[in-house]
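Data block below; observations after.
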Amino acid sequence: MTWSVLKNGKKGCNQEHLFQVFTQEEWDAYPFADEEKMKWFKDAKLGLFFHVGISAVGGVDIGWSRHTHKLPDPGEGFIPDEEYDNWAKMLKMEEFNAGEWIDLAVRGGFKYVVIITKHHDGFHMWDTQYSDYKITNAPMGRDYLKELTDACHARNMPVGLYYSQRDWHHEDYEPIDTNAAVRCQEIPYFKMKQGEKWKYGARHPRYIKYMHDTVMELMKKYGKIDILWWDACWFGGMFLEPMWDAMKLEKEVRNCQPHIIINNRASVPGDFDTPDCRVGFVQRNWGWETCMPMGKEWAWTGAELKPWKEIMHQFISSVCGGGNYLLSIGAMPNGKIAPEETEYILRIGDWLRLYGDSVYGSRSGPWNPGYYGGSTCKGNIVYLHILNCPEKEKLVLPLEDMEIEKISCLTGQQPDTQQIGGNLILSNICQEKDCVDTILCIVMKKGIVVSEEGLEVKEEADEFQKQHSIYGRILSEAKGAETIDLKRLKKVTALKIFTDSGMLKAEISSDGSKWESVYENSAGKGCLNLEIKNYEAGTTVIGKEIRFIRLNEDKKIIKKVIVYGY
């Protein structure tokens, strides 16, 4: 989960650890893919992420469930290493059919796929010559990756390869010398002992060589590869470029696959940014991609999926912000895609057959995303995507120098429209219960030029919602300190607390008996914004299923509390 930025560059949120800052010299030294090579990616909008490995045997999440997480990764999984690694002797995937998988992706409207080749657990999903810990030594006995890449090439489906530099199985993997560092609870989850400077372990150079050899094997053995998808992002300094000798390796990759684009999770700038488990902020002149699991885990576990409408809103919001959406699925131990995941994919395809013109090949704008939704454009056509707009709520869209030729609604009932004082005003926006997205097609009299700043939409929502659309709608408002009961479990994303100076404690609970503290500190006079976070799919995400919020205060300092969520 990271963005690459130049020193003093724009940051779309206040979480500093999510941004790796580069000097102008470092930026200029990086061999970026040019705009021509990036165009297909920016046009594609929707990718399918295959998170498949030996974890399917146990029905647990890939990599993260393995007990040992080597430094600097925090925490530990709940499956003993020996049991997890033994699944390599059990994976059969006897009903795996690569052609069926890629045909499903095509029917779902996906324009590229990304395939896990090696996750953090170190298991190779291809027939590598550099390890015996691989799929061709499992009961499956087939080169899973070759079958998938061949199926992609046969269907002209662009293919990306995911490769985790982390490797909790490899004996030489030691990106931080464990004799010179200790674990800690704060990002970057390690600190050097007194007098010590960062260095990797004595055996780690052998791991770097192995890593370079296996990555180049992938580049040379499986035909045209369109994306290289790293997974060891900077994240507050957890991982550093010398741990991988990344610049040297990426230059070799680009020499071998001149058309390839590479993400930004190797502590060098990369061609595109990769927020995960959250929709990225609007970036119009830079490639980016939100990756998201269908449920709470990346791989198949049999657990409940997110609501389909929530996935669609994430997808549409990503596109309206100028990015792509990479949706993760897994596979059952027999090699089949689960029926419930298949159903979601087919539903996405049905929607895109009706409304795909509003996303494919589009660019963000002219109106910036917000709580209401967002907009996309092509030439002189603007598609307005209204995701959250209750009946009778108004939207005011500045036109500046744009002149409207006609407006039509592609979905449901068309809102009332007026042009007053250089603004387009929408009212009586009516969404049917099952409507995913109210889409207006607005034809302008001439082509549209969208600035990076875009145009702000005025909507009947508070400033917090406008600036942070990921926080959803207002669930509750209360005056003073009290226990807030939302009446049922809801996904709470943030608390906005108006206070005078004093001590404050905020707690949350799903059942009213077990409480979790989310804030216990002094509060200044003004407004305190608290994100409610949860740990899902190996990362921290915004939003947690809760029912109760309990606030304790010193000297009656709380004036008002607003609860946001879905």
Side-chain angles (χ1 to χ4, degrees), residues 1 47-66 73 77 84-85 87-88 91 93 96 98 101-102 104-105 110 112-128 130-131 133-138 140 142-152 157-170 211 214-215 217-219 221-222 225-233 260 262-263 265-266 274 276-277 289 291-295 297-301 326-333 335-338 341 345 537-539:
M1 183 192 301
L48 191 59
F49 208 173
F50 292 125
H51 267 81
V52 181
I54 59 174
S55 64
V57 174
V60 298
D61 204 7
I62 193 168
W64 292 104
S65 55
R66 188 178 190 269
D73 279 297
Y84 188 102
D85 296 345
W87 291 338
L91 185 65
M93 294 181 66
F96 168 67
W101 284 23
I102 305 307
L104 178 63
F110 294 83
Y112 61 99
V113 301
V114 178
I115 306 165
I116 298 286
T117 65
K118 181 176 74 74
H119 206 265
H120 314 333
D121 58 20
F123 186 76
H124 303 77
M125 294 296 288
W126 81 96
D127 187 23
T128 179
Y130 298 103
S131 175
Y133 194 54
K134 59 183 178 179
I135 190 68
T136 45
N137 286 347
M140 183 184 183
R142 295 152 55 188
D143 192 334
Y144 160 90
L145 182 61
K146 185 178 190 309
E147 293 182 31
L148 269 178
T149 52
D150 285 351
C152 289
M157 174 70 78
V159 59
L161 300 185
Y162 165 110
Y163 185 102
S164 173
Q165 305 100 296
R166 297 154 152 151
D167 195 321
W168 303 331
H169 179 272
H170 200 290
M211 179 185 145
T214 49
V215 169
E217 180 182 51
L218 290 168
M219 294 299 110
K221 191 173 180 179
Y222 294 99
I225 305 301
D226 299 280
I227 302 170
L228 175 56
W229 216 101
W230 296 123
D231 197 12
C233 56
I260 203 166
I262 304 175
N263 78 352
R265 295 192 176 193
T274 53
D276 67 43
C277 290
E289 172 193 74
C291 58
M292 194 80 69
M294 265 196 186
E297 294 87 17
W298 294 104
W300 175 84
T301 66
L326 182 63
L327 181 62
S328 173
I329 64 169
M332 299 183 294
K336 303 288 285 187
I337 304 299
E341 295 185 339
I345 290 170
T539 191

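A donor-acceptor pair shorter than 3.5 Å cannot be found between the side chains of Asn263 and Tyr162. Counted by atom type alone, His119 and Ser164 present zero donor-acceptor pairs between their side chains at under 3.5 Å.
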Please report the C-alpha distance between Met294 and Ile345 in whole Å, then the side-chain angles of each, then the deciding distance to 0.1 Å, and finally whether the side chain to side chain contact (heavy atoms under 4.5 Å, CB included) criterion is met. CA-CA 10 Å; Met294 265 196 186; Ile345 290 170; 3.8 Å; yes
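For Trp229 and Phe49, the ring centers sit closer than 6.0 Å to each other.
Rounding to the nearest 0.5 Å places OH of Tyr112 at 11.0 Å from CE of Met157. Here the straight-line distance linking atom CD of Glu147 with atom CH2 of Trp101 works out to 10.5 Å at 0.5 Å rounding. Rounding to the nearest 0.5 Å places OG1 of Thr149 at 6.0 Å from CD1 of Ile225. Remark: Ile102 CD1 to Phe50 CZ distance equals 4.5 Å, nearest 0.5 Å. The NZ atom of Lys146 lies 15.5 Å from the CD1 atom of Ile135; values are rounded to the nearest 0.5 Å. Taking OH of Tyr144 as the start and OG1 of Thr136 as the end, the distance is 14.0 Å to the nearest 0.5 Å.
Heavy atoms only, all atoms of each residue included: Gly330 and Ile337 are closest at O-CD1, 3.3 Å. The nearest pair of heavy atoms linking Cys277 to Met292 is CA-SD, 3.4 Å. Annotation for Ala88 and Tyr133: closest pair CB-CE1, 3.8 Å, computed over non-hydrogen atoms. Pro333 approaches Trp300 most closely through the heavy-atom pair CD-CZ3, 3.6 Å. Contact detail for Ser55 and Ala299: the closest heavy-atom pair is OG-CB, 4.1 Å. Heavy atoms only, all atoms of each residue included: Ile62 and Gly53 are closest at CD1-N, 4.0 Å.
Under the 3.5 Å distance criterion, the side-chain polar atoms of Tyr84 are matched with a main-chain donor or acceptor of Gly63. At least one donor-acceptor pair under 3.5 Å links the side chain of Gln165 to the backbone N or O of Ala232. Distance alone, capped at 3.5 Å, places no donor-acceptor pair between the Lys221 side chain and the Thr128 backbone. Under a 3.5 Å cut-off, the side chain of Glu297 and the backbone N or O of Gly59 do not form any donor-acceptor pair. A donor-acceptor pair under 3.5 Å links the side-chain atoms of Asp226 to the main chain of Val159, judged by distance alone.
Contact annotation: the side chain of Cys291 never approaches that of Ser328 to less than 4.5 Å [non-hydrogen atoms, C-beta and beyond]. Side-chain contact between Thr117 and Tyr222 is absent, with no heavy-atom pair separated by less than 4.5 Å. Residues Cys233 and Thr274 have side chains not in contact (no heavy-atom distance under 4.5 Å, counting atoms from C-beta outward). Counting heavy atoms from C-beta outward, Leu148 and Trp126 have side chains that stay 4.5 Å or more apart. Two residues are said to be in side-chain contact when any heavy atoms from C-beta on lie closer than 4.5 Å; Leu145 and His124 fail this criterion. The side-chain heavy atoms of Ile116 and Val52, taken from C-beta on, include no pair separated by under 4.5 Å.
Tested against Arg66, the residues Asp121, Asp85, Asp61 include a single salt bridge (Lys or Arg N to Asp or Glu O under 4.0 Å) partner, Asp85.
Between Trp298 and His51, the two ring planes are parallel [angle under 30°; tilted spans 30° to 60°]. Using a 30° and 60° split on the angle between ring planes, Trp230 and Tyr163 fall in the perpendicular class, above 60°.
Every residue meeting the salt bridge (Lys or Arg N to Asp or Glu O under 4.0 Å) condition with Asp73, not counting sequence neighbours, appears here in chain and number order: Arg166.
Between Asp167 and Lys118 there is a salt bridge, since at least one side-chain N of the basic residue sits less than 4.0 Å from a carboxylate O of the acidic one.
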